[in-house]
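What follows is a set of notes on a single structure, which appears directly below.
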Amino acid sequence: MTLRIGNASGFYGDRFDAMREMLTGGELDVLTGDYLAELTMLILGRDRLKDPAAGYARTFLRQLEECLGLAHERGVRIVTNAGGLNPAGLADAVRRLADRLGIPVRVAHVAGDDLTAAHPGSLAAHAYLGGFGITQCLRAGADVVVTGRVTDAALVTGPAAAHFGWSETEYDRLAGAVVAGHVLECGAQATGGNYAFFRDGDARRPGFPLAELHEDGSCVITKHPGTGGFVDVGTVTAQLLYETAGARYAGPDVTARLDTVRLSQDGPDRVRIEGVRGEAPPPTLKVGLNRLGGFRNEVVFVLTGLDIEAKAALVREQLEPALGKVADVRWELARTDRPDAQTEETASALLRLVVRDPDQGAVGRVLSGAAVELALASYPGFHVLAPPGKGSPYGVFEDVYVPHGSVDHVAVLHDGRRIPVPPAHDTAVLDAVPQPSLPRPPEPGPTRRAPLGLVAGARSGDKGGNANVGVWARTDDAWRWLAHELTADRFRELIPESRELTVVRHVLPNLRALNFVVEGILGAGVAAQHRFDPQAKALGEWLRSRHLEIPEALL
């Protein structure tokens, strides 16, 4: 008995027609959509300030207007976290839409994640719930289930538990579904999107992934026939490493052991995942807190031709009097210029100024006035990419933890009944897994200085203020070298930004992978825009571009 679960959204703003593509491209039992991220919760929180009836992903409703009839005709159930901060409101909107279209569907939702009232000063505070509220809704006959802040993998574990009749303590099966859910959650990232070795296949318009999930928790990751992109062990490995850390991947229902995952190619565009072991979940639930941190502004000065450093120094000295009372001032000079350049653009460097302060006035008119007044009184060739504005609000994200029992997890069924979802039956403190043995190192031989990316893939992302960088080898020989060469200290050498930070290395031999967590590199999270790449999306590609001595046998 196989459950076919597809994904049609990896974030709020993903490809609009993906829902139709997934419903018409092949067989499905359940279609999921992931619309939430740390930044999305802040955006929805600001929407709710303007309109208390808002707070959900409106795109989902527009997609459903085109596709609800298709889903009903094909018997495909839809499960989504598009409810955001207002799942009850979205569920009501779906009912009104269905009535208007004349489509008889049963709509349920999951409640209990909103803890904003318990955290004064936060714009949005939401617990990451598990999948058993979804399970209750589906077991009661729901055709559409809307949630707020559940874990991304819950969109798969909930339907799987409902379909196969799993209990709350079947940890190995649940862990297999968590791994499948983690692979699906970011949509086309599992089918060649954002992939280090994107030239291995046709990555122009990747299709969306689906999982053929089995009763024992194993699955096959694939995609509909004829859709773009590709699915292989590498694309699945990359997504498994995305925004994870060590061997224990904790969730509210189960802790999945990523060090037990086994991947194998099961045919063209098919990767089998098996062997996943699970453990009792930790005794606490993660709560994501979003609050407004103040106001920010920025201006990028273009420095062209000769004397780049001196030009940068001049404009900094000219602006310092206007910036004296600003709480946070950051300058970054990007030397994108080339000597004797063929175009003006390639002869230019970029000097970026970012300011933050609790007072909008301190980063608004004060900065914009001072910068604009330099137009005829600064370095030769003075111009900016765009004039600074009045300053915009920025957010701060942090996570806290609460006991399972402090959250009222409730399944609100299509007929209005409210079914409480009990907290985890058993829990286990989340201890670190002992570091596994490394493979024997390669035999000494000639080396050549070359980019790491010639022999290793990488994918990186954000978790609050931390970044993770997953690095994997595609052959056993490359793994033997990578496991010994790319230590935490070598990582710090290659990524200078991390030299003063804590870098933790996790070893995952089954995946021939290393996962690095760089603590604090993203400051207060993506909404604070602490660095040039605020979500660390390209940190892994920067690492792959760095040169080191690589055995010639691997090149």
Side-chain angles (χ1 to χ4, degrees), residues 8-9 11-14 16 19 31-68 71-72 77-101 103-119 122-129 131 133-134 136-138 140-152 154-155 158 287-290 395 407-421:
S9 176
F11 68 101
Y12 190 9
D14 210 342
F16 185 87
M19 184 179 290
L31 182 60
T32 66
D34 181 7
Y35 292 79
L36 300 185
E38 293 167 3
L39 181 60
T40 313
M41 300 299 279
L42 179 72
I43 293 170
L44 294 176
R46 292 176 62 185
D47 288 348
R48 190 170 60 174
L49 285 178
K50 301 172 186 176
D51 178 5
Y56 55 77
R58 297 182 183 275
T59 306
F60 172 74
L61 268 182
R62 298 201 303 271
Q63 290 173 302
L64 209 59
E65 185 162 11
E66 294 185 6
C67 298
L68 186 59
H72 179 66
R77 290 169 145 183
I78 295 175
V79 179
T80 180
N81 61 16
L85 277 58
N86 188 6
L90 179 56
D92 285 340
V94 173
R95 293 186 188 100
R96 292 193 297 270
L97 173 65
D99 289 344
R100 177 164 60 83
L101 297 176
I103 301 172
V105 295
R106 293 163 291 192
V107 183
H109 74 275
V110 176
D113 61 301
D114 191 347
L115 302 182
T116 307
H119 296 275
S122 62
L123 185 60
H126 290 259
Y128 287 70
L129 302 179
I134 297 170
Q136 292 283 8
C137 294
L138 293 173
D143 302 301
V144 178
V145 181
V146 173
T147 79
R149 180 72 279 186
V150 297
T151 63
D152 299 336
L155 301 178
V287 178
L289 302 183
N290 285 277
V407 176
D408 295 324
H409 189 177
V410 178
V412 184
L413 306 185
H414 62 278
D415 58 8
R417 286 181 293 151
R418 300 176 65 89
I419 307 298
V421 179

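The figures that follow rest on heavy atoms only: side chains count, while hydrogens, waters and symmetry mates do not.
Looking only at distances, a side-chain donor or acceptor of T151 sits under 3.5 Å from a matching main-chain atom of A154. A donor-acceptor contact shorter than 3.5 Å links the side chain of N86 to the backbone of A53. Side-chain atoms of T116 come within 3.5 Å of backbone N or O of A125 as a donor-acceptor pair. A side-chain donor-acceptor contact under 3.5 Å links R77 to the backbone of L138. Under the 3.5 Å distance criterion, the side-chain polar atoms of T32 are left unmatched by any main-chain donor or acceptor of T80. Listed for the N81 side chain is no donor-acceptor partner under 3.5 Å among the backbone atoms of G148. Not a single donor-acceptor pair under 3.5 Å links the side chain of Q136 to the backbone N or O of V421.
Contact of the S9 side chain with the Q63 side chain is not registered, since no non-hydrogen atoms from C-beta on lie closer than 4.5 Å. Looking only at side-chain heavy atoms (C-beta outward), L155 and V145 stay at 4.5 Å or farther from each other. Using a 4.5 Å cut-off on side-chain heavy atoms (C-beta onward), I78 and D143 make no contact. Taking the side chain as every heavy atom from C-beta outward, L44 and R48 never approach each other to under 4.5 Å. Two residues are said to be in side-chain contact when any heavy atoms from C-beta on lie closer than 4.5 Å; V287 and H126 fail this criterion. Put simply, the side chain of V146 reaches to within 4.5 Å of the side chain of P87, judged on heavy atoms.
Contact between V105 and A98 at its shortest, heavy atoms only, is CG2-CB, 3.5 Å. Of all heavy-atom pairs spanning A142 and H414, the tightest one is N-ND1, 4.4 Å. Across all their heavy atoms, M19 and Y35 have their closest contact at CE-OH, 4.3 Å. The minimum heavy-atom distance linking L85 with A124 is given by the pair CD2-CB, 4.0 Å. Minimum interatomic distance between V110 and G133 (heavy atoms only, all atoms of both residues): CG2-C, 3.7 Å.
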Handout entry: From CA spacing to verdict: side chain to side chain contact (heavy atoms under 4.5 Å, CB included), E65, L97
Key = CA-CA 7 Å; E65 185 162 11; L97 173 65; 3.9 Å; yes
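None of D113, L129, L90, I134 except one satisfies the side-chain contact (heavy atoms from CB on, under 4.5 Å) rule with T147; the exception is I134. Across L39, L36, T59, a single residue satisfies side-chain contact (heavy atoms from CB on, under 4.5 Å) together with Y12, and that is T59.
Atom CG of D408 has 12 or fewer neighbouring heavy atoms from other residues, nucleotides or ligands inside a 6.0 Å radius. Around the CZ atom of R95, the shell of radius 6.0 Å holds more than 12 heavy atoms that belong to other residues, nucleotides or ligands.
Geometric assessment of R58 against the ring of Y56 yields a positive cation-pi assignment under the 6.0 Å and 45° thresholds.
Under 4.0 Å is where a charged nitrogen must lie from a carboxylate oxygen, and between R418 and D415 no such pair does.
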